[in-house]
Protein chains: 2
Amino acid sequence: MRRMLELAILGFLHDTPLHGYELRKRITALTGHVRPVAESTLYPAIKRLEKAGLLARETRLGAVAAPRHVLTLTPEGRQELRKRLAEPARGDITDENRWFTLLAFLRHLDDEAAQAAVLRRRLAFLEEPASFFYEGERPLSAEELDDPFRRGILTIARATSRAELTWLRATLTSLGGGNR
Amino acid sequence: MRRMLELAILGFLHDTPLHGYELRKRITALTGHVRPVAESTLYPAIKRLEKAGLLARETRLGAVAAPRHVLTLTPEGRQELRKRLAEPARGDITDENRWFTLLAFLRHLDDEAAQAAVLRRRLAFLEEPASFFYEGERPLSAEELDDPFRRGILTIARATSRAELTWLRATLTSLGGGNR
DNA sequence: GGACGATACCTCGTGACCGATGTATTACGT
DNA sequence: ACGTAATACATCGGTCACGAGGTATCGTCC
């Protein structure tokens with residue numbers, strides 16, 4: 001989940017400088033109920049981003065407890081965030097967890113047309129005919145399954161898909177200039 | 001995603017013996033549109049499970065192309081599958097991808113009460129009040145957000161949650177003996 | 001004064017992931 | 001005859017995740 005974590009770090013820092021611990025709490029609030037973030041994953045990630053010049057660190061002594069390392073997004077970091085938002089990897093579009101993370105920061109893409117382009121990628125993905133279960137090549141519908149649990153998967157996935165399609169189309173319309 | 005992959009391997013082999021390549025195609029059909037499985041992840045996983053005595057390998061020469069290694073679930077493997085289904089890790093409950101994988105094979109738990117217990121764990125998780133966005137401690141609802149993208153996240157998550165709760169309650173009822 | 005929890009950061013080792021690459025066969029089109 | 005794709009399995013190396021553990025300060029309760 002490297003991409004997801006790094007995106008969240010860059011995204012949160014776009015709003016305001018934060019130290020690692022606070023960052024951790026915000027990330028936990030955003031995605032922690034689904035997939036908690038270990039400290040031993042977060043701190044190395046911060047270091048990676050720092051080494052890449054995407055964020056700067058300023059040590060502030062004894063404000064509360066241990067010295068805090070306040071992290072600020074550099075101009076390069078800001079640009080990298082925009083790039084990651086505008087050109088997401090395929091996995092960022094298809095994996096709901098990653099997609100939600102992307103959506104949470106998509107407002108930082110200042111260009112409405114670019115925002116719309118990202119939404120259209122998700123739209124295209126959702127419009128692909130895909131199931132979880134197949135008979136040969138043919139995707140099976142919920143009604144064709146005996147297994148109540150597998151039927152549940154399809155029922156839930158269909159409800160999600162429908163809600164998201166509705167939202168996507170409405171949002172694309174309201175983005176105005178976003179029609180191709 | 002180790003647990004997810006291993007569960008899928010054990011689950012598919014519970015139905016019928018398969019060779020690695022066919023296993024790969026089935027796993028791809030099941031979860032590939034969201035998160036593709038690399039061959040270099042699958043084969044080591046098979047070896048791990050084989051080394052742990054959960055599956056046995058039988059080489060069949062030249063049936064089609066290269067020699068196939070037909071994999072069969074051992075009795076220990078069958079037991080391990082049941083154990084993983086009956087006692088899922090927290091992440092298997094909270095992460096939708098992993099939860100769906102679990103659901104796809106839950107029928108292999110022959111005990112209806114055990115199946116119901118697993119569903120109730122998911123039910124409890126979904127009933128926890130959780131949002132993605134907070135103002136201090138208070139979870140924010142979709143209506144309180146300016147950001148259309150964050151509003152979308154909540155709208156979609158709510159629709160999913162509602163559909164799944166409906167399904168969970170209906171299925172728990174129809175599992176009959178499953179009331180506590 | 002001492003225990004405890006929260007704050008705040010860090011390192012290390014095990015193990016996992018996965019892209020790249022390799023090997024070899026069959027099948028099919030041209 | 002040759003290229004290409006599908007079948008089928010495997011290894012290797014770089015990178016990453018993360019649990020376990022460590023260090024240190026501050027506030028609070030008993």
Side-chain angles (χ1 to χ4, degrees), chain A residues 1-9 17-29 31-32 34-52 55 57-71 89-91 94-95 97-98 101 136-137, chain B residues 1-9 12 17-29 31-32 34-52 55-71 89-92 94-95 97-98 136-137:
Chain A
M1 300 300 89
R2 184 174 156 248
R3 290 191 62 92
M4 205 169 119
L5 178 57
E6 290 182 357
L7 189 67
I9 294 172
L18 294 170
H19 57 279
Y21 198 76
E22 177 62 27
L23 203 44
R24 190 184 177 226
K25 285 198 293 187
R26 300 212 183 183
I27 293 172
T28 297
T31 59
V34 170
R35 182 187 287 281
V37 185
E39 291 198 347
S40 48
T41 305
L42 175 64
Y43 287 112
I46 291 175
K47 279 197 178 164
R48 273 203 305 277
L49 296 175
E50 194 192 2
K51 198 180 273 181
L55 45 88
R57 174 189 303 237
E58 183 201 347
T59 304
R60 267 183 218 163
L61 282 164
V64 181
R68 289 172 166 178
H69 294 192
V70 176
L71 307 166
R90 174 160 173 89
T94 62
D95 185 324
N97 295 332
R98 287 165 69 176
T101 307
E137 294 288 282
Chain B
M1 298 299 87
R2 182 174 157 248
R3 290 191 62 92
M4 205 169 119
L5 178 59
E6 291 182 357
L7 189 67
I9 295 172
F12 277 122
L18 294 170
H19 56 278
Y21 197 76
E22 177 61 28
L23 203 43
R24 190 184 176 226
K25 285 199 293 188
R26 300 211 182 183
I27 292 173
T28 297
T31 60
V34 170
R35 183 188 286 281
V37 185
E39 290 198 348
S40 47
T41 305
L42 174 63
Y43 287 112
I46 290 174
K47 279 197 178 166
R48 272 203 304 276
L49 297 175
E50 194 192 0
K51 197 180 275 180
L55 45 87
R57 174 187 304 237
E58 183 200 348
T59 304
R60 268 183 218 164
L61 281 164
V64 182
R68 289 172 166 178
H69 295 192
V70 177
L71 307 166
R90 173 160 173 89
D92 294 331
T94 63
D95 185 324
N97 294 332
R98 287 165 69 177
E137 293 288 285

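Order of the sequence lines sets the chain letters (A, B, ...), proteins ahead of strands, with each chain counted from 1. Just so it is clear, the structure is predicted and the values come from calculations on it, not from any experiment.
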Quiz item: Over how many whole Å does the gap from B:Leu42 atom CG to D:dT7 atom C1' extend?
Solution: 14 Å
Quiz prompt | Closest to the B:His19 side chain, choosing from D:dG19, D:dA8, C:dC18 | solution = D:dA8
Quiz prompt | Touch class at under 4.0 angstrom, heavy-atom based, for A:Arg3 against every strand present | solution = nothing
Self-check item: Nucleotide of C:dG19, D:dA10, D:dT7 approaching B:Lys25 most closely (side-chain heavy atoms)
Solution: D:dT7
Quiz item: Between the side-chain atoms of B:Glu39 and the base atoms of C:dC18, is any donor-acceptor pair under 3.5 Å?
Solution: no
Quiz item: Would you say A:Thr101 and A:Leu5 make side-chain contact, with heavy atoms under 4.5 Å?
Solution: no
Practice problem: Would you kindly give the CG-to-P distance between B:Asp95 and D:dC18, to the nearest whole Å? | Solution: 11 Å
For residues 36-48 of chain A, which side-chain donor-acceptor pairs fall under 3.5 Å, sequence neighbours excluded?
unit_1: A:Glu39; atom_1: OE2; unit_2: A:Arg24; atom_2: NH1; d: 3.4
unit_1: A:Arg48; atom_1: NE; unit_2: A:Glu6; atom_2: OE2; d: 3.0
unit_1: A:Arg48; atom_1: NH2; unit_2: A:Glu6; atom_2: OE2; d: 3.1

Quiz item: Taking atom CG of B:Leu23 and atom NE2 of B:His69, what is their separation to the nearest 0.5 Å?
Solution: 14.0 Å
Exercise. Rounded off to whole Å, could you give me the CG-to-P distance for the B:Leu5 and C:dG15 pair?
Key: 18 Å
Quiz item: Roughly how far apart are A:Arg35 CZ and A:Asn97 CG, rounded to 0.5 Å?
Solution: 5.5 Å
Exercise. Send over the distance from B:Lys51 NZ to D:dA10 P, rounded to a whole Å.
Key: 13 Å
Self-check item: Nearest-angstrom distance from the residue atom OH of A:Tyr43 to P of C:dT11
Solution: 12 Å
Quiz item: Considering all heavy atoms of both residues, which atom of A:Arg57 and which atom of A:Leu71 are nearest to each other, and what is their separation?
Solution: CB-CD2, 4.1 Å
Exercise. Mind calculating the distance between NZ (A:Lys47) and P (C:dA8) to the nearest angstrom?
Key: 18 Å
Exercise. Examine C:dA24: is either OP1 or OP2 under 4.0 Å from a nitrogen or oxygen in the side chain of B:Arg68? Give yes or no.
Key: no
Self-check item: Atom-pair distance (NE2 on A:His69; P on D:dT25), nearest Å
Solution: 14 Å
Self-check item: Between P of C:dT14 and CZ of B:Arg48, the distance in whole Å
Solution: 17 Å
Quiz item: Counting side-chain heavy atoms from C-beta on, which of D:dA10, C:dT7, D:dT7 comes nearest to A:Tyr21?
Solution: C:dT7
Quiz item: C:dC18 phosphate, OP1 or OP2: any side-chain N/O from B:Thr41 under 4.0 angstrom?
Solution: yes
Exercise. Pick base, sugar-phosphate or nothing for A:Arg57, based on heavy-atom distances below 4.0 Å to the nucleic acid.
Key: sugar-phosphate
